[in-house]
There are 2 protein chains.
Amino acid sequence: MNQTPLRILVVDDEPSLVDAVATSLRYEGFEVTEATTGRAALVAAQELDPALVVLDVMLPDLDGFEIAKRLRADGITTPILFLTARDTLEDKAEGFAAGADDYLTKPFSLAELVMRVRAILRRAGNADNASTVLRFADLELDVDAHELRRAGAVIELTATEFSVLKYFMTNPGRVLSKAQILENVWHYDFDGDSNICETYISYLRKKLNEHGAPLIHTVRLVGYVLREQT
Amino acid sequence: MNQTPLRILVVDDEPSLVDAVATSLRYEGFEVTEATTGRAALVAAQELDPALVVLDVMLPDLDGFEIAKRLRADGITTPILFLTARDTLEDKAEGFAAGADDYLTKPFSLAELVMRVRAILRRAGNADNASTVLRFADLELDVDAHELRRAGAVIELTATEFSVLKYFMTNPGRVLSKAQILENVWHYDFDGDSNICETYISYLRKKLNEHGAPLIHTVRLVGYVLREQT
DNA sequence: GCAGCGCCTCAGGTCACGCTCAGCTGGCCC
DNA sequence: GGGCCAGCTGAGCGTGACCTGAGGCGCTGC
């Protein structure tokens, strides 16, 4: 049903392995992009929007788990298949917690990799239609149109407000610490003593509460959470 | 957030294995149906419409692959996780060809099975965002949402209360000394003569006992323990 | 240059929370 | 029974986390 070939991003610091995997997948009819560093992988995943990422855990710069977490935090739900020599349970737990769809330990057979890739894509093809509209309660955040509606009414947001709310809506019902918010929205490494985060929470609340009950709640000493009622 | 529990069908001809798997999954909050024959599995899958099927390949009457094919032929797209001792490539190929979503070879760890089950469900869209929920008796402590429920009712906790209860719930049925609690929650090196620990135990008891029988018990001169009954 | 807008800082006010304290209870031993 | 000690808990206090209105600064469009 899908005419254009599906793009797969393969990331590993070992060029020969990347080549072997890429060749196998190309032979199966996929379009493959290769990357050998974590940063390159992050950029490629964001810009090319591949249908699947085959991701080695051990990379020179950024940990594979870290890459997965960042992608998920940015609302990118592309399936991820981890590839690693570490096969302890803790490693697998960390991988799945980071949002993995499958986890394959080296050494593995290329045939099995291909089968698992197909299985994931088959499932992904049925399920997600990559709607760019995030929904929570009576909120609708259209990421592409950069537009927010609550109960049908359009609410104007500035760029920063939008970014903060998007982070909340990709993590509904979950308490987000100020440090997490600062990192995700402002890319602060360390949390200074700025209250910028509180300020934008305040802005958002003011706008959201005009059209309904409060949705962003403070969890004192912990962070904030998007949730209905309490 | 957490609607009705997701139903999982577990099929294996070895009752002890089915029990072990079912217990693990129930502990994680799933509703589990067990089957020990292929025909029973087919009927259960069609009638109960589970969110996922954990399926052994070797069954007395019907082959697991055969079951998968029949389900797919009937238009049932329920995700399937195969469980088998056969780990040759041909077996895996047959499994994936039959429509498997994952393939786990015995012996496997129950923890890994649970992780893979969660990964599949998350992808299928049924996921409860893999929120880490600690359970004990009728208590549910959602660490991500920073929320406590007892018998369904939400109980508000402050940050410190939450931290103390979390320590108890990660060590259920174990007596924890005041020194341990102080160290874990307050990061005190030495136990001073503060009664802060008792104070928070008191707070917790008051809140928990509003919704059920006492769960935190004093063990004189030793510490406290989270347990049902006496 | 000016107006408008958005991002961010600052500072004052409030109040929830963490913690202390002190009086009370209940079990245990003499 | 009386005294002692461990633990329980209600009251209260100080702190600092959080909220928000005001304003400065820089950018953009006219």
Side-chain angles (χ1 to χ4, degrees), chain A residues 146-148 154-168 175-210 213-227 230, chain B residues 146-148 154-168 175-210 213-227 230:
Chain A
H146 226 263
E147 196 178 66
L148 172 69
V154 173
I155 299 176
E156 299 289 338
L157 293 182
T158 70
T160 310
E161 288 163 2
F162 181 89
S163 182
V164 174
L165 183 60
K166 181 180 159 201
Y167 186 41
F168 273 100
V175 177
L176 304 173
S177 72
K178 277 193 271 192
Q180 284 177 299
I181 298 170
L182 282 171
E183 160 130 24
N184 189 278
V185 177
W186 285 271
H187 304 107
Y188 279 13
D189 301 10
F190 260 86
D191 72 344
D193 48 356
S194 158
N195 76 336
I196 183 76
C197 189
E198 300 161 30
T199 304
Y200 273 88
I201 294 286
S202 173
Y203 291 160
L204 274 177
R205 279 178 171 154
K206 200 192 287 184
K207 291 189 177 181
L208 294 181
N209 294 354
E210 277 178 13
L215 289 175
I216 301 178
H217 305 275
T218 305
V219 181
R220 220 149 203 275
L221 297 171
V222 184
Y224 299 90
V225 59
L226 182 71
R227 130 186 339 150
T230 302
Chain B
H146 225 263
E147 198 176 65
L148 172 69
V154 174
I155 300 177
E156 299 288 339
L157 294 182
T158 70
T160 309
E161 288 163 3
F162 184 91
S163 183
V164 173
L165 183 59
K166 183 178 158 198
Y167 186 42
F168 273 100
V175 178
L176 304 173
S177 72
K178 277 193 267 194
Q180 284 177 300
I181 299 170
L182 282 172
E183 160 130 27
N184 189 280
V185 177
W186 284 272
H187 305 108
Y188 279 13
D189 302 10
F190 263 86
D191 72 344
D193 48 355
S194 157
N195 75 336
I196 184 73
C197 189
E198 300 160 28
T199 303
Y200 273 88
I201 294 286
S202 171
Y203 290 161
L204 275 178
R205 279 177 171 156
K206 197 195 289 185
K207 291 189 177 181
L208 294 182
N209 293 353
E210 277 179 13
L215 288 174
I216 301 178
H217 306 276
T218 305
V219 181
R220 229 158 190 267
L221 298 174
V222 183
Y224 300 89
V225 60
L226 181 71
R227 99 171 126 224
T230 324

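Everything quoted here is computed from the prediction, not taken from an experiment.
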Could you list, one pair per line, each protein nitrogen or oxygen that sits under 3.5 Å from a nitrogen or oxygen of nucleotides 10-12 of chain D, together with the distance?
| from | atom 1 | to | atom 2 | distance (Å) |
| --- | --- | --- | --- | --- |
| dG10(D) | OP2 | K206(B) | NZ | 2.9 |

Partner set under side chain to side chain contact (heavy atoms under 4.5 Å, CB included) for [X], not counting sequence neighbours:
X       : value
T199(A) : N195(A), Y203(A)
N184(A) : A73(A), D74(A), Y167(A)
S177(A) : A179(A), Q180(A)
V222(A) : V175(A), V219(A), H146(B), A159(B)

Within a strict 4.5 Å, meaning less than it, do heavy atoms of the Y200(A) and L165(A) side chains meet? no
Separation of atom [atom1] in [X] from atom [atom2] in [N], rounded to whole Å:
X       : N       : atom1 : atom2 : answer
I196(A) : dG21(D) : CD1   : P     : 16 Å
I201(A) : dT20(D) : CD1   : C1'   : 13 Å
I216(B) : dG7(D)  : CD1   : P     : 15 Å
Y200(A) : dT20(D) : OH    : P     : 16 Å

Tell me, which of residues 218-226 of chain B have any heavy atom that sits under 4.0 Å from an atom in DNA chain C? R220(B)
Calculate, to the nearest 0.5 Å, the distance between atoms [atom1] and [atom2] belonging to [X] and [Y] respectively.
X       : Y       : atom1 : atom2 : value
L182(A) : C197(A) : CG    : SG    : 5.0 Å
I196(A) : I201(A) : CD1   : CD1   : 11.0 Å
F162(A) : E156(A) : CZ    : CD    : 12.0 Å

Member of L215(B), V225(B), L176(B) meeting the side chain to side chain contact (heavy atoms under 4.5 Å, CB included) criterion with F168(B): L176(B)
Could you note down all residue pairs passing salt bridge (Lys or Arg N to Asp or Glu O under 4.0 Å) where residues 197-206 of chain B supplies at least one of them, sequence neighbours left out? K178(B)-E198(B)
Tell me, which pairs form a salt bridge (Lys or Arg N to Asp or Glu O under 4.0 Å) where one or both residues lie in residues 216-226 of chain A, sequence neighbours left out? none
Using a cut-off of strictly less than 4.0 Å between a heavy atom of the residue and any atom of DNA chain D, enumerate the qualifying residues of residues 159-167 of chain A by number. none
Walking along DNA chain C from 5' to 3', note the first and the last nucleotide with an atom under 4.0 Å from a heavy atom of chain A, and give both. dG6(C) to dG18(C)
Taking salt bridge (Lys or Arg N to Asp or Glu O under 4.0 Å) as the definition, give me every residue that meets it alongside K207(B), ordered by chain and number, with sequence neighbours left out. E161(B)
Please identify each residue that fulfils salt bridge (Lys or Arg N to Asp or Glu O under 4.0 Å) with E183(B), with sequence neighbours left out. none
State whether K178(A) places a side-chain N or O below 4.0 Å from either non-bridging phosphate oxygen (OP1 or OP2) of dA17(D). no
